[in-house]
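Below, read A as the first sequence line, B as the second, and so on, with proteins coming before strands; counting in each chain starts at 1.
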There are 2 protein chains.
Amino acid sequence: MQTQNTISLESSRHPTSILTRQARVEGPFGMIGMPMRFARNSEIYGEDEASEYLYQVVSGAVRTYKILEDGRRQIGAFYLPGDIFGFEAGETHISSAEAVSETRVIVVKRAALMVRATHEKDLARQLWDATAQELRRFQEHLMLLICSAEDRVIGFLHDMAHRTVKNAAIELPMSRQDIADYLGLTIETVSRTFTQLEQNGVISLPTSRRVELRNRAMSNRIMAA
Amino acid sequence: MQTQNTISLESSRHPTSILTRQARVEGPFGMIGMPMRFARNSEIYGEDEASEYLYQVVSGAVRTYKILEDGRRQIGAFYLPGDIFGFEAGETHISSAEAVSETRVIVVKRAALMVRATHEKDLARQLWDATAQELRRFQEHLMLLICSAEDRVIGFLHDMAHRTVKNAAIELPMSRQDIADYLGLTIETVSRTFTQLEQNGVISLPTSRRVELRNRAMSNRIMAA
DNA sequence: CGCGTAGTTGACACTATTCAATGTCTGTGG
DNA sequence: CCACAGACATTGAATAGTGTCAACTACGCG
């Protein structure tokens, strides 16, 4: 049922240095990287694969996830344009990554970055910062998972809101199922919570994927960023 | 009600280079560090403090935690002898840290380590490995929080079991409340789950702090390490 | 021995899940 | 342009699993 993997540059999964004919783009940390395209629901990398590359989202959105043995899926994080992912400090990925929607990314060779970082203090610093941010994200996510369904959804929307354009409606790239799997809830509970929040005037829902934050009740909630 | 902070070396919270008269000890990454002692429930560092030091547990146990605005406490991790903590890749701590029981640690200046890491590839590698482990810990913890109470407790015990001596009874240094705050459950649910697991022959509980794993039902559970 | 802390147990309330049905949106073909 | 299929989302009713509140027990320490 999954859209077929579609990658713009080549048939093999990852770019090689041969592909220099392709326009190259300013990527994470000012490094030159290869642009790539992923179709909705296509895999970007798999869990336990060697983490050869590091990615920066240009457009679209990415989810990382793990599947539990009972079949449930836990989404670890969503990455939006500008975000860097696939760099987990270790030699192998700790999650799989998929495109939530049609997504463009810039890809950089991890090893090359790491080597460069040994003599460029600034780059090393940026890598540590990116990792620190990743740790903070995990921590925030953890805090969400011990809250009520309402607080989880509010926390999620709050996070999305401040990661996208301020004071504007949030355009959610992900489905209710994605949100449910991120928040450790069922799709029904997420849906019910959305409608409930709308009825309470906390949000409005012009369409199911578009959310406007009405009430500043948001601010009283959870930890600020 | 909290035991008064008791630190063996000095009255101020952290060691200074003046304290060279004190015996020094092989610390994390083979670096020389200062030994310190913390009484049960005493603070090792606070959230948002500058992360000046990095710690390795010698004996005892440490918990890191955050307090939510509703007063609940979320424990992020427990650190046992040999574990390194307080190094979160950023300039400030993302959690507070306390001694679970009377605890001895070795303290190393973070800045010094980072500087040394720029020209010692091996040390740099060890720092990245430690960070990767920390990320993996967060991820595992996240997976636990979306499970049932029973699976959370089993997952927790499983984790504790393979972090301490194999094939032996686990001696839990932390209270039921600590476990509850780690697993996002109430103390009552944790307690009930323990007795339930004992009745089902999965564990035995010679004392409330000592757990013996009976059944290999453990193995069918959650992700292995 | 008695006190205080930690842990266990019970009854009940409440929240989220489950299972099932209905509703909505979008793209495709008639 | 409309009708239809399929995916996505919402809603309802019944149930299961935790939380809450309160009482009780066990243990360690003076």
Side-chain angles (χ1 to χ4, degrees), chain A residues 1-4 39-41 63 68 70-74 100-102 144-157 171-200 203-211, chain B residues 1-3 39-41 61 63 68 70-74 100-102 144-157 171-200 203-211:
Chain A
M1 206 65 48
Q2 182 160 301
T3 314
Q4 191 204 329
R40 197 166 91 96
N41 295 329
R63 59 176 174 253
L68 283 78
D70 63 7
R72 276 180 308 160
R73 176 184 68 162
Q74 173 62 31
V100 169
S101 55
E102 181 77 15
L144 270 193
L145 291 192
I146 64 164
C147 294
S148 68
E150 180 172 323
D151 285 351
R152 293 191 218 189
V153 170
I154 290 177
F156 167 72
L157 291 176
E171 192 69 40
L172 298 174
M174 70 289 286
S175 69
R176 292 287 186 270
Q177 186 64 61
D178 285 335
I179 298 172
D181 290 348
Y182 177 76
L183 296 177
L185 298 170
T186 59
I187 185 175
E188 293 96 330
T189 300
V190 171
S191 188
R192 270 186 262 270
T193 307
F194 267 102
T195 38
Q196 192 180 310
L197 288 175
E198 186 175 35
Q199 282 166 358
N200 298 348
I203 62 173
S204 78
L205 283 167
T207 79
S208 66
R209 295 289 184 102
R210 171 170 288 266
V211 185
Chain B
M1 207 61 47
Q2 183 162 299
T3 313
R40 197 165 92 96
N41 295 328
R63 60 177 172 251
L68 283 78
D70 63 9
R72 275 179 310 159
R73 176 184 68 161
Q74 173 62 31
V100 169
S101 55
E102 181 76 16
L144 270 193
L145 292 191
I146 64 165
C147 294
S148 67
E150 180 172 324
D151 285 351
R152 293 191 219 191
V153 170
I154 290 176
F156 167 72
L157 291 176
E171 192 68 42
L172 299 174
M174 69 290 286
S175 68
R176 293 286 187 270
Q177 186 64 63
D178 285 336
I179 298 172
D181 289 349
Y182 177 76
L183 296 178
L185 298 170
T186 59
I187 185 176
E188 293 95 333
T189 301
V190 171
S191 188
R192 269 186 263 271
T193 307
F194 268 103
T195 35
Q196 192 180 310
L197 287 175
E198 185 174 36
Q199 283 165 358
N200 297 348
I203 62 173
S204 78
L205 283 168
T207 79
S208 67
R209 295 289 183 103
R210 172 172 288 267
V211 185

Worksheet entry | Side-chain donor/acceptor contact of B:Arg192 with base of D:dT20 under 3.5 Å | yes
Item to complete: Would you tell me if any nitrogen or oxygen in the side chain of A:Thr186 comes within less than 4.0 Å of OP1 or OP2 on C:dT17?
Response: yes
Worksheet, complete the sentence: When every non-hydrogen atom of A:Ala180 is compared with those of A:Ile187, the smallest separation belongs to CB-N, 3.6 Å
Worksheet item: To the nearest angstrom, how far is A:Arg152 atom CZ from C:dT17 atom P?
Response: 7 Å
Discussion item. In whole Å, I'd like the distance from the CD atom of B:Gln196 to the P atom of C:dG7.
Written reply: 19 Å
Response to the item:
In whole angstroms, the gap separating P of D:dA7 from CD of A:Gln177 amounts to 14 Å
Discussion item. Can you confirm whether the side chains of A:Asp181 and A:Gln177 place a donor and an acceptor under 3.5 Å from each other?
Written reply: yes
Worksheet item: Which part of the nucleic acid, if any, lies within reach of A:Thr207 when heavy atoms closer than 4.0 Å are counted: base, sugar-phosphate only, or nothing?
Response: nothing
Practice prompt. Report the nucleotide, chosen from C:dT8, D:dT11, C:dT17, that has the shortest atom-to-atom distance to any side-chain atom of A:Ser191.
Written response: D:dT11
Practice prompt. Taking only the side-chain heavy atoms of B:Arg209 (C-beta and beyond), determine which of C:dT18, D:dT18, C:dG7 contains the nearest atom.
Written response: C:dG7
Item to complete: Of all the heavy-atom pairs spanning A:Cys147 and B:Arg72, show the shortest one and how long it is.
Response: SG-NH2, 3.7 Å
Discussion item. With a cut-off of less than 4.0 Å, is there a side-chain N or O of B:Ser175 near OP1 or OP2 of C:dA6?
Written reply: no
Fill in: Length of the CD-P vector between A:Gln199 and D:dT10, whole Å
12 Å
Item to complete: Let me know the distance between CD of A:Glu198 and P of D:dA9, rounded to the nearest Å.
Response: 15 Å
Practice prompt. Mind calculating the distance between CG (B:Asn41) and C1' (C:dA6) to the nearest angstrom?
Written response: 13 Å
Fill in: Between D:dG19 (P) and B:Arg72 (CZ): distance, integer Å
10 Å
Discussion item. Quick check on side-chain contact (heavy atoms from CB on, under 4.5 Å): which of A:Ile146, A:Thr193, A:Leu185 does A:Arg152 satisfy it with?
Written reply: A:Leu185
Worksheet item: Which whole-number value in Å describes the distance from A:Asp70 CG to C:dT17 P?
Response: 14 Å
Worksheet item: Is there a donor and acceptor pair, one atom on the side chain of A:Glu188 and one on the base of C:dC19, closer than 3.5 Å?
Response: yes
Worksheet item: Within the structure, does a side-chain N or O atom of B:Ser208 lie under 4.0 Å from either OP1 or OP2 of C:dA6?
Response: no
Item to complete: Answer yes or no: does a side-chain N or O of B:Thr195 lie under 4.0 Å from OP1 or OP2 of C:dT9?
Response: yes
Practice prompt. Taking only Lys NZ, Arg NE, NH1 and NH2, and the carboxylate oxygens of Asp or Glu, determine whether B:Glu171 and B:Arg210 approach each other closer than 4.0 Å.
Written response: yes
